[in-house]
Number of protein chains: 2
Amino acid sequence: MIIFYSNEIIDNIAILKEDEARHCSKVLRKRVGDRLRLTDGKGRFYDAEVIGITKDECKLLVKDKWDGDVLDYKLTIGISLVKNISRFEWFVEKAVEIGISRIVPLICERTEKRNIKEKRLSNILISASKQSLKAKFPYLDSPIKFKDFLDSNESKEVYIAHLNDYSEYLGKLIKPKSEIIVLIGPEGDFTKKELEYAFSKGVKPVTLGSSRLRTETAGVVSCQIVNTINEIT
Amino acid sequence: MIIFYSNEIIDNIAILKEDEARHCSKVLRKRVGDRLRLTDGKGRFYDAEVIGITKDECKLLVKDKWDGDVLDYKLTIGISLVKNISRFEWFVEKAVEIGISRIVPLICERTEKRNIKEKRLSNILISASKQSLKAKFPYLDSPIKFKDFLDSNESKEVYIAHLNDYSEYLGKLIKPKSEIIVLIGPEGDFTKKELEYAFSKGVKPVTLGSSRLRTETAGVVSCQIVNTINEIT
C-alpha cells in the first residue's frame with residue numbers, strides 16, 4: 001500500500017508537489033484516470049483520481065475521505081542532538097514508526113551539535129509516517145535550548161531520563177492515555193546544573209532500565225516503553 | 001568507561017588482539033604498568049595491568065575479577081535478513097544495547113538477501129556490547145532457513161509476529177523471567193505456508209502493536225517489549 005502526502009487539499013482538489021509529484025508521475029507512472037490514496041498528515045486519508053499530471057505537479061480529485069487511527073496518548077520527546085546526525089535521523093524514523101506526537105531537538109550544555117538540516121529531517125519524518133501508514137504526522141520542532149524548553153512546559157507531566165541508580169522505571173510511573181514529555185540528554189548526560197533546574201520545575205527523574213543506552217537508543221526505548229504501557233492496559 | 005574484550009584469558013593472563021590491541025596501543029597509547037578493564041564476553045569483568053604491548057598484541061596480568069549483571073530472562077530473536085544490510089546491522093546494535101540473548105538471521109521464502117558478512121556483524125555485536133557495558137555478549141548465529149530453525153526449537157516457547165488483526169499483543173502473553181523466542185518476517189511478511197507450518201508446531205501468533213513496522217524496527221520493538229515486561233513485573 002502506497003500513501004501519498006499532500007498539504008494542499010482544498011475542497012475536493014488535492015495537489016501533489018516536489019518529491020510526491022515525481023514519485024507519482026516518474027516512478028509509478030500514474031496517468032489521468034488512475035486512483036491513489038493520500039493523507040493530509042493531519043489525521044485524514046483520501047481516495048482520489050488523477051485529473052492532471054506533469055513531473056512537477058499532480059492534480060487529484062478527491063472521491064472519498066475518512067479519519068485514520070490516531071494515538072490514544074500524547075508523547076513528546078525532547079532529545080539532545082548528537083554529533084553523528086545519521087543517528088539522530090535514525091531516531092526520528094523509528095520514533096515515527098512506533099508512534100510519537102512531537103519531537104523536540106534539544107540543545108543541552110554538553111550537546112556538541114547545535115543545528116540540523118530541518119528540511120531533510122522533515123522529509124524523513126514524512127517518509128516514515130507514510131511508510132507506517134500514519135494519517136497524523138508528528139510535529140518536529142526547531143532545536144531549542146534545554147532551559148527554554150523547560151520554561152515553556154511548566155505545567156506538563158515531564159520525565160527526565162538520566163544515568164542514576166535511584167530512579168523509578170519510566171514504565172512504572174506513567175499512566176495510559178495520558179500526555180507526557182520525556183527528556184533525553186546528550187552523550188555524557190545532563191549536567192548537575194541542568195538536572196537541578198529540571199527538578200526545581202517539578203520534572204521527575206526516571207530510568208529506562210539497567211542498560212547503558214546511547215542517546216538515540218534511549219529515545220526509541222522511551223517511545224516503545226510508553227507504547228507498551230498503553231498497549232497492555 | 002572503556003571496556004576491552006578478550007576471548008583469550010587463561011589463568012591470570014589475558015591477551016588483546018587485532019582491533020582490541022590496536023585500540024589499546026595506538027588510540028589510547030597504553031604502556032606497561034597501566035591498568036584497564038576488560039570482559040571475557042561470557043559474564044565476567046576483569047581489572048588488569050599491561051605487562052607487554054605491541055601494536056598487534058597486548059598482554060595483561062589480571063588483578064581482580066567479578067561477575068557482571070546478566071539478563072534475568074532469555075530472549076532469542078529469529079529475524080529475516082533484509083535487503084539493506086545496514087538496517088540489519090542497526091537492529092543488531094540496538095538489540096544488543098537493549099538486551100538480547102541470541103540473534104538468529106532467518107532465511108524465509110520472501111527473504112531477498114541470503115548472506116551476511118559474519119565477521120562484520122560479529123564486530124558490531126562486540127562493539128555494542130562493550131559500549132553498553134555488557135559482561136555477557138549475545139550469541140549471533142549463522143543464517144538459517146525458517147523451517148530448519150523451527151524444527152530445531154520444537155519444545156520452546158515461540159511467538160511469531162506477523163501482520164494481522166486478530167492476535168494478542170506480545171507484551172500481554174509473555175511471562176517475566178522466562179525463556180522465549182520471537183520470530184520476525186521479511187518485508188512482505190511470512191507466507192501463508194510458513195505461518196501454517198509454524199502454527200502446526202505450536203508457535204503462537206502475536207502483534208507488536210497497531211503500527212506497521214519495518215522488519216528491523218519490529219526486531220527492536222520486540223526486544224523492548226520483552227525488556228519492559230521484565231522491568232515492570
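Below, read A as the first sequence line, B as the second, and so on, with proteins coming before strands; counting in each chain starts at 1. On a predicted model such as this, the values are computed, not experimentally measured, just so you know.
Ranking K94(A), K134(A), E216(A), E93(A) against chain B, the residue ahead of the rest is K94(A), based on heavy-atom pairs under 4.5 Å.
A distance of 5.0 Å separates OH of Y169(B) from CG of N227(A), quoted to the nearest 0.5 Å. One finds the CD1 atom of I225(A) at 11.5 Å from the CD1 atom of I225(B) (value rounded to the nearest 0.5 Å).
A 6.0 Å sphere centred on CZ of R29(A) holds no more than 12 heavy atoms belonging to other residues, nucleotides or ligands. Annotation: F199(B), atom CZ; neighbour count of heavy atoms from other residues, nucleotides and ligands within 6.0 Å is above 12. Counting heavy-atom neighbours within 6.0 Å of R35(B) CZ, excluding the residue itself, gives a total above 12. Within 6.0 Å of NZ on K74(A) lie no more than 12 heavy atoms contributed by other residues, nucleotides or ligands. Remark: E118(B) CD is packed, more than 12 non-hydrogen atoms of other residues, nucleotides or ligands lying under 6.0 Å away. D69(B) CG: 12 or fewer foreign heavy atoms inside a 6.0 Å radius.
L133(A) approaches R212(B) most closely through the heavy-atom pair CD2-NH2, 3.6 Å.
Of the possible polar contacts, one joining the S211(A) side chain to the E97(B) backbone as a donor-acceptor pair under 3.5 Å is found.
Contact annotation: the side chain of T228(B) never approaches that of I232(A) to less than 4.5 Å [non-hydrogen atoms, C-beta and beyond].
Neither the backbone nor the side chain of L170(B) comes within less than 4.5 Å of any heavy atom of chain A. For a residue to count as touching a neighbouring chain, one of its non-hydrogen atoms must lie under 4.5 Å from one of that chain's; by this rule L71(A) does not touch chain B. Residue S210(B) touches chain A through both its backbone and its side chain, counting heavy-atom pairs closer than 4.5 Å.
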